[in-house]
Every structure is written in structure tokens, then in C-alpha cells.
Amino acid sequence: MQEFFDIAPLVDWLSAAYQWLIEHVADPWNFLQLVLLALLYPLARFAARRLGPPLEARLASLTVRPGLAALFRALPSLLAPVVFLILLWFVIGIMQELTWPSRSYLLRIVASLMTAWIVIRLGSTFIRNPVVAKTLTLGVWTLAALNITGLLGPAIEVMDALSFNVGDLRISLLTVVNGMVSLALLLWGASALSRILEARINRLPDLTPSVQVLLGKLLKITLLTLAVVIALNSVGIDLTALAVFSGAIGVGIGFGLQKVVSNLISGVILLLDKSIKPGDVIELEDTFGWITSLGARYVSVVTRDGKEYLIPNEDLITHRVVNWSFSNDLVRLEIPFGVDYSCDPHEVRRVAREAAAKSPRVSDETSPVCHLVGFGDSSLDFLLRFWIKDPQAGVVNIKGEVLLAVWDAFKEQGIEIPYPHRKVILQEPIIVKTAPEAPNPLEASTS
């Protein structure tokens with residue numbers, strides 16, 4: 001490896017910057033401009049504090065589209081820079097009328113920088129991720145500031161001079177920055193394009209939900225891979241040089257990420273065999289709920305109590321899963337009950353069937369049935385069966401609703417649900433002896 005850094009260009013650039021500061025700041029007109037900047041900024045802050053509350057109240061009363069809501073929320077925070085910019089251009093106009101334009105040079109530079117900041121800040125409000133928005137705002141404004149001040153060319157030369165060689169590959173700070181910017185833009189474009197195409201795929205009626213999810217994820221992986229490849233090629237990195245390196249670290253990553261890879265492959269298998277899909281109602285061990293989304297590593301299952309379980313894809317492959325809506329939406333439920341021996345079993349079956357059929361959630365495609373299943377110790381035992389088509393709406397609640405309907409119907413028809421009876425049989429008679437009556441102490445005292 002050659003010398004790590006060549007600092008000569010950096011030293012020259014710092015010397016030139018220092019010389020520029022000495023020449024310009026020492027000038028009386030430049031000093032006056034600095035004083036004006038120091039006075040105008042506090043004045044702008046004071047005006048913004050006075051104008052801020054009325055502006056916020058006015059914006060809160062407006063009804064705007066969701067896409068412009070973030071833009072309107074950012075306006076109060078930009079009030080001080082906007083007022084400062086207005087004051088700057090006002091002072092610049094006065095100075096250009098009274099003296100030479102060159103004597104307001106610093107003010108024009110600051111005004112240009114402030115204008116660029118406001119425009120970039122407003123544009124970043126359309127980016128949903130706050131971290132990405134702040135990073136992009138800072139990076140674009142830095143680039144604009146270097147261009148406005150005329151330091152973009154020297155800055156590029158300095159970044160290109162800070163370099164080192166790895167074999168035949170020359171890596172400089174400029175190469176790294178270009179690669180990071182290219183990679184970020186390409187990844188963002190690939191993600192945006194994949195979301196658009198995935199939304200179009202989800203609107204195709206001929207594709208099942210599992211196929212839609214599979215195509216969407218394969219498309220996203222392909223686009224992201226192409227983005228990385230194009231970004232590496234754009235900075236001059238030969239991908240063949242990375243083949244040996246990627247193969248060496250691939251073995252170590254494979255051992256360390258066995259579970260991750262297993263979940264990824266399991267997710268692809270689940271999508272291919274269509275065993276589960278978004279909207280299915282499943283039961284896995286103690287978890288009962290419906291699938292809201294299929295991820296690359298996990299499946300999101302929401303239960304009736306609002307909890308969201310992220311179940312690894314591997315568990316759905318290796319464990320026993322009950323899919324309540326795999327091939328048919330109809331789900332049969334059973335309710336056991338018993339009545340008194342004095343009741344007519346034929347009448348009990350009829351009343352139970354009619355009571356269950358009154359519930360709106362009980363399917364009318366298959367009528368409820370009621371069977372006499374045994375003669376119990378204290379009751380005639382029956383089993384009521386009915387079908388529903390919306391298990392995602394809950395199972396316990398529909399059972400309770402049907403039970404209440406059966407209870408009301410039994411009350412109207414005089415059908416009784418007995419209490420348990422127990423008979424105690426004694427093998428030998430038990431002699432019960434009564435204790436002699438105790439004398440009354442009052443009577444004994446009077447005698």
C-alpha cells in the first residue's frame with residue numbers, strides 16, 4: 001500500500017481560505033456587512049416570535065390535503081429564516097442604491113445561502129422518513145453552499161487528493177462520497193419503483209394474495225440488487241475483484257445467520273405452496289388470529305385482543321398450524337349442553353336449531369344441527385353444531401351469542417337445565433344417639 005494521504009492539497013486549500021478571510025474581513029465594508037448580519041438576525045428572530053402564534057393559528061384552521069400537511073407544519077419553523085431573508089434583500093437593495101454593488105457581496109452570499117436553505121428545507125418535507133430528510137437536507141445544502149461560495153471545485157480537488165491504493169484500485173474520499181450518494185439515490189429509486197409496481201400487482205384480480213406477495217418481494221429484491229451493482233460500477237469498482245472476498249465472508253455469514261436464512265427460505269416456500277396467505281385465520285400453539293402481512297422473515301398475526309405476534313416463517317413450516325380458512329371460509333363450531341330427563345328430546349333439538357339459526361353470523365348455507373349424544377347422570381346430553389364464515393371476527397363471542405339465544409328459547413318453552421343429582425348409599429345403618437338434655441341452671445337455683 002502506498003502513502004495513505006497526500007496532505008499537500010489540503011494545506012494549500014486551508015492557506016488559501018485563511019488568506020481570503022484576512023483580505024475580505026479586514027476590509028471596512030466587509031466588516032460593516034458582518035455587523036449588519038449580526039443585527040438583522042436577532043431582529044428577524046424577534047419578529048418571528050411575534051408573528052409565529054397568529055401564523056400557527058391560521059394554519060391550524062386551514063383544511064389541506066394529506067400530502068401538503070407536512071409542508072404547512074414546517075412553515076412556522078421557517079418563519080425566522082424567511083424574515084431574515086426579507087430583511088437581507090431590503091438592506092442589499094438600499095446598499096446597491098447608495099454605493100457600489102461589490103460592497104454588498106457578503107450580504108448577497110448569505111442571502112443566496114439562506115434562499116437555498118429555505119427551498120431545500122421545504123422540499124424535504126415531502127420525505128416521510130425524518131432521518132433521511134435531515135440527512136438529505138444537510139447534504140444538498142452543503143453542496144449548494146460550496147457552489148455559491150465558489151469552493152466546490154477546490155473541495156472536489158481536496159477530496160480527490162485524499163486517497164489510497166488497494167492493489168490496482170484507487171480509493172479517494174471523493175470516490176466514497178460519490179458511491180454513497182449514488183447508492184442512496186439508486187436504493188431510494190428502487191424502493192419507490194418497487195412500491196409502485198407492487199401496488200399495481202396487488203390490484204390484479206387474477207393473482208392470488210400469495211402470488212401477489214411473492215411477486216412483489218422478488219421484484220423488490222431484484223431492483224435493490226441492481227441498484228447496488230449499478231452503484232458499485234458507477235464508482236469504478238470491478239465486481240469480479242469482490243468475488244473471492246464475498247465468497248470468503250459468505251461462509252462466515254452463513255454460519256452466523258442460519259436462522260435468518262432459514263426464515264427467508266421458509267417465507268418463499270410458504271408463498272409458493274400457498275398454505276397461508278394474508279387474511280387467513282390460523283391457530284399456532286396458543287396464538288389464534290388472522291394474518292395481516294407476510295414478511296421476508298416473519299408473519300404478522302393479529303389476535304382478537306389487538307396483540308400483534310411476529311411469528312418466524314420457520315415455525316410455520318416446522319410446527320403444526322391450524323388454518324381455519326385454508327380451502328374454505330366455512331368453519332364449524334360445537335356447543336355441548338344438557339337438559340332435564342323430563343324434557344322431550346325432539347323438542348329440544350328443534351328449539352336449539354332454531355335458536356342458533358337466528359344469529360346473523362351463523363351461516364345459512366349449512367343449517368345448524370343438534371344431536372343427542374348420551375344419557376348423562378343428571379341430564380340428556382346434546383351437541384349443537386353450526387357454521388360461520390368469518391372466524392376472524394371471533395369464535396368465543398359467537399358461541400356466547402348462540403348460548404344466550406338457546407337459553408332464552410329454553411326459558412320460553414319451559415325446557416329446564418338440571419342441577420347435578422348425587423345419591424349417597426350407606427352399606428350399614430348408622431345409630432344416631434342424642435345427648436341428654438342439660439338441666440336449666442335457673443330452675444336449679446329456685447329449687
Taking every non-hydrogen atom, the tightest pair across [X] and [Y]:
X	Y	result
R361	I388	O-CG2, 3.6 Å
P418	D340	CD-N, 3.3 Å
A227	L183	O-CD1, 4.4 Å
V406	A352	CG2-O, 4.3 Å
C343	V348	CB-CG2, 4.1 Å
L372	D381	CD1-O, 3.2 Å

Donor-acceptor pair, side chain of [X] and main chain of [Y], under 3.5 angstrom:
X	Y	result
Y309	F288	no
D344	H346	yes
W141	R121	no
R349	C370	yes

Neighbour count >12 (heavy atoms, 6.0 Å) for atom CZ, F84: yes
Exceeds 12 heavy-atom contacts within 6.0 angstrom, atom OH of Y341: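 More than 12 heavy atoms, drawn from other residues, nucleotides or ligands, come within 6.0 Å of this atom.
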V299/L310 under side-chain contact (heavy atoms from CB on, under 4.5 Å): CA gap, chis, key distance, verdict: CA-CA 6 Å; V299 172; L310 305 180; over 6 Å; no
Rounded to the nearest 0.5 Å, how far does [atom2] of [Y] lie from [atom1] of [X]?
X	Y	atom1	atom2	answer
T287	D315	OG1	CG	10.0 Å
I201	L219	CD1	CG	5.5 Å
T303	K307	OG1	NZ	7.0 Å
I417	K411	CD1	NZ	8.0 Å
I86	M114	CD1	CE	12.0 Å
K399	L384	NZ	CG	11.0 Å

Is there a side-chain contact between [X] and [Y] (heavy atoms, below 4.5 Å)?
X	Y	value
V281	N323	no
S363	L330	yes
V322	I282	no
V402	V362	yes
R49	L79	no
L37	L88	yes
V302	W290	yes
S379	V339	no

Pairs touching residues 371-416 that satisfy ring-ring contact (aromatic ring centres under 6.0 Å, His included), sequence neighbours left out: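 Every ring-ring contact (aromatic ring centres under 6.0 Å, His included) pair that includes a residue of residues 371-416, provided the two are not neighbours, is F337-F382, F337-F410.
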E334 bridged to R332 by N-O distance under 4.0 Å: yes
For residues 188-199, which side-chain donor-acceptor pairs fall under 3.5 Å, sequence neighbours excluded?
residue: S191; atom: OG; partner: L187; partner atom: O; Å: 2.9
residue: S194; atom: OG; partner: A190; partner atom: O; Å: 3.2
residue: S194; atom: OG; partner: S191; partner atom: O; Å: 2.7

Step-by-step salt bridge (charged side-chain N to carboxylate O under 4.0 Å, His left out) determination, K389 to E365: CA-CA 10 Å; K389 299 187 67 176; E365 296 182 8; 3.0 Å; yes
Audit row: L186, L224, side-chain contact (heavy atoms from CB on, under 4.5 Å) steps and yes/no: CA-CA 8 Å; L186 289 172; L224 292 179; over 6 Å; no
Step-by-step side-chain contact (heavy atoms from CB on, under 4.5 Å) determination, L284 to I311: CA-CA 9 Å; L284 178 63; I311 302 177; 3.6 Å; yes
I335 vs R385, side-chain contact (heavy atoms from CB on, under 4.5 Å): CA-CA, chis, key distance, verdict: CA-CA 6 Å; I335 296 179; R385 291 175 174 172; over 6 Å; no
Verdict with reasoning, R350 to E354, per salt bridge (charged side-chain N to carboxylate O under 4.0 Å, His left out): CA-CA 6 Å; R350 181 188 66 80; E354 292 177 356; 3.1 Å; yes
